[in-house]
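Within every chain, numbering begins at 1; the chains are lettered A, B, ... in the order of the sequence lines, protein sequences first and strands thereafter.
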Amino acid sequence: MQPSIIEMIYSQREEIMKRWEEEVQRVSENEMGRQLPYDKYNETNAEFIHLIIDTLELDQNEAKEKLRFFAERLIHAGWPLSYFTQGMQAFRRVLLETMTSNDSLQSKTVFTTFYEIESWIDGIINQLVDEYTGSWENTLHLQKLALKELSAPLIPVFEKISVMPLIGTIDTERAKLIMESLLEGIIEHRSQVVLIDITGVPVVDTMVAHHIIQASEAVRLVGAECILVGIRPEIAQTIVNLGIDLGKFPTRSTLRKGIETGLELTQRKIVDI
Amino acid sequence: MSVQSNVEVHTEWGIVSARQAGRNLAKELGFSSVDQARITTAISELARNIYLYAEKGEIIIESVERMQSTGRKKGIKITAKDEGPGIKNIRQVMEDGFTTSGGLGAGLPGVKRLMDEFDIDSIAGEGTEITTIKWNS
Ligand SMILES: Nc1ncnc2c1ncn2[C@@H]1O[C@H](COP(=O)(O)OP(=O)(O)OP(=O)(O)O)[C@@H](O)[C@H]1O
Ligand SMILES: [Mg+2]
């Protein structure tokens, strides 16, 4: 920012800071009152306005860096992004007021000065918004990954026998993952029997049934066998009502029975000693 | 007298919300767990059909009552409405195994069997409205 502007701001520093605080107070009372952590409110305001004023004489990249650092810290502590954008906007309003109430300034000077301030502030706001949505998207992405890992795990419980416990709603995306994870896992663990446990699936509709049937056919193609376990009584009834024939599909009531069958199929059994 | 919830369906999340709303009301009305599963599954079928064939629409879930010689009967009514392509041949889509999407073709005939009353109203090019009721016996 131009030295003349900085000088003007510095010469009225106290006044600008005071007005800014009033302005921010007014805005936040209207709009975001409930969301702000009040104990830190005055402290944070003071830190914010000092930071804005201190960054004026830095070049824009450095200024952005400092403000970004500040924003990041508070966003992590739960402050809304609007606190920053509105704080910056309030600063712009206060400067405009200060300049227009100063009769010695020519309107042309006011205009060019204001133009420069505006682009400085917009640049910072844009950067903050970008950063914020960026980190939000990043979080979302990480959560998706985490969910993906959890959504269709294939667990090798015994040699040649694996279990896929399914918990929660199955949508198209997840149905695809189930298929991928099954086929990859079977090859990786050299499974001969896979038990799909649907105890935790709340609704088995035609789409879910269809995907399970397709998955088991694919499993057969890679030389393994699929057993469906954990069909709750009410789910068994709705499947019958839907007219879906699971007759040619091996099922066992519980995971335990399924494992016993898996052991039999691989010529083993559990004995008491 | 009736509680009603409307759930918009235009993503798979909408299907899940509709199911949840249905399950909650079914529970409140004292349906058995088997009937709760039937009702939720029926909603799932209707909502998914909206999502697949009409892109968007809504599911309306409400409680209904009927007077009978044996007393008052309570039930849950599901209405699935969309302004999609509509269904030309209703008899055909009610046949087990008929599908235009490579599915099982079990959804609509399945809903009819899961529920007690079932009615399709559809005009090709204008949309579809399916109403279905389950009574609490
Ligand atoms: N809301 C709708 N709008 C237009 N067409 C529909 C609608 N609902 C169903 N259909 C048509 O009816 C056919 C049969 O529907 P149904 O739900 O019985 O089977 P599906 O959706 O094809 O497969 P499934 O439900 O077993 O996964 C569909 O393939 C589709 O062509
Ligand atoms: Mg269907």
Side-chain angles (χ1 to χ4, degrees), chain A residues 140 143-144 147-148 150-152 166-179 196-218 226 228-249 251 253, chain B residues 9 11-24 26-27 31-53 59 78 80 93-116 118 132 134:
Chain A
L140 197 69
Q143 278 179 351
K144 266 196 186 157
L147 209 61
K148 195 172 161 173
L150 287 172
S151 69
L166 296 176
I167 295 167
T169 297
I170 296 176
D171 58 9
T172 338
E173 173 94 351
R174 196 164 171 212
K176 252 189 264 158
L177 285 175
I178 290 173
M179 180 76 96
I196 300 183
D197 184 357
I198 59 164
T199 314
V201 178
V203 177
V204 178
D205 58 8
T206 54
M207 193 272 274
V208 172
H210 192 203
H211 280 295
I212 290 175
I213 291 171
Q214 281 181 328
S216 91
E217 278 163 7
C226 203
L228 194 58
V229 303
I231 305 176
R232 285 171 280 130
E234 67 270 23
I235 299 293
Q237 296 229 34
T238 55
I239 291 177
V240 171
N241 285 146
L242 284 171
I244 296 168
D245 183 15
L246 289 181
K248 54 181 185 301
F249 199 100
T251 55
S253 52
Chain B
V9 176
T11 61
E12 287 195 280
W13 294 110
I15 303 174
V16 177
S17 317
R19 283 193 325 218
Q20 247 152 21
R23 189 184 291 277
N24 289 344
K27 233 184 239 173
F31 278 100
S32 69
S33 65
V34 176
D35 276 346
Q36 284 176 32
R38 288 192 173 113
I39 292 161
T40 327
T41 309
I43 294 173
S44 193
E45 296 300 337
L46 297 176
R48 185 168 301 280
N49 281 355
I50 289 178
Y51 170 72
L52 283 178
Y53 309 116
I59 299 276
I78 317 292
V93 300
M94 292 310 294
E95 282 168 18
D96 275 301
F98 177 81
T99 176
T100 57
S101 64
L104 291 174
L108 290 177
V111 172
K112 189 170 177 181
R113 284 188 292 261
L114 288 163
M115 305 289 280
D116 294 326
F118 181 88
T132 180
K134 184 88 189 164

Asks: With chain A as the partner, which of T41(B), I15(B), V16(B), D96(B) has the greatest number of non-hydrogen pairs under 4.5 Å?
Replies: T41(B)
Asks: Quick one: which of I235(A), I244(A), T172(A) has the most heavy-atom pairs under 4.5 Å with chain B, could you say?
Replies: T172(A)
Asks: Where on V204(A) is there a heavy atom nearer than 4.5 Å to chain B: the side chain, the backbone, both, or neither?
Replies: backbone
Asks: Nearest 0.5 angstrom please: W13(B) CH2 to T169(A) OG1, how far?
Replies: 8.0 Å
Asks: State the NZ-CG distance between K112(B) and N241(A), to the nearest 0.5 angstrom.
Replies: 14.0 Å
Asks: How far does CD of Q237(A) sit from CG of D35(B), to the nearest 0.5 angstrom?
Replies: 9.0 Å
Asks: Looking only at heavy atoms, which two atoms of T206(A) and G107(B) are closest? And how far apart?
Replies: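 In this case the closest contact between T206(A) and G107(B) is CG2-N, 3.8 Å.
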Asks: Is a side-chain N or O of E234(A) found less than 3.5 angstrom from the main chain of Q36(B), in a donor-acceptor match?
Replies: no
Asks: State the CG-CZ distance between D205(A) and R48(B), to the nearest 0.5 angstrom.
Replies: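 Result: 5.5 Å between the selected atoms.
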Asks: Contact between M207(A) and E12(B) at the side-chain level, heavy atoms closer than 4.5 Å - yes or no?
Replies: yes
Asks: For the residue pair R113(B) and V240(A), establish whether any side-chain heavy-atom pair is separated by less than 4.5 Å.
Replies: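 The answer is no, as the side chains (C-beta and beyond) never meet within the 4.5 Å cut-off.
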Asks: Taking atom CD of Q214(A) as the centre, report whether more than 12 heavy atoms of other residues, nucleotides or ligands fall under 6.0 Å from it.
Replies: yes
Asks: How many angstroms lie between OG1 in T238(A) and CG in L114(B), if you round to the nearest 0.5 Å?
Replies: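 It comes to 6.5 Å.
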Asks: Rounded to the nearest 0.5 Å, what separation is found between the NE2 atom of H210(A) and the OG atom of S101(B)?
Replies: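 If we round to the nearest 0.5 Å, H210(A):NE2 and S101(B):OG are 8.5 Å apart.
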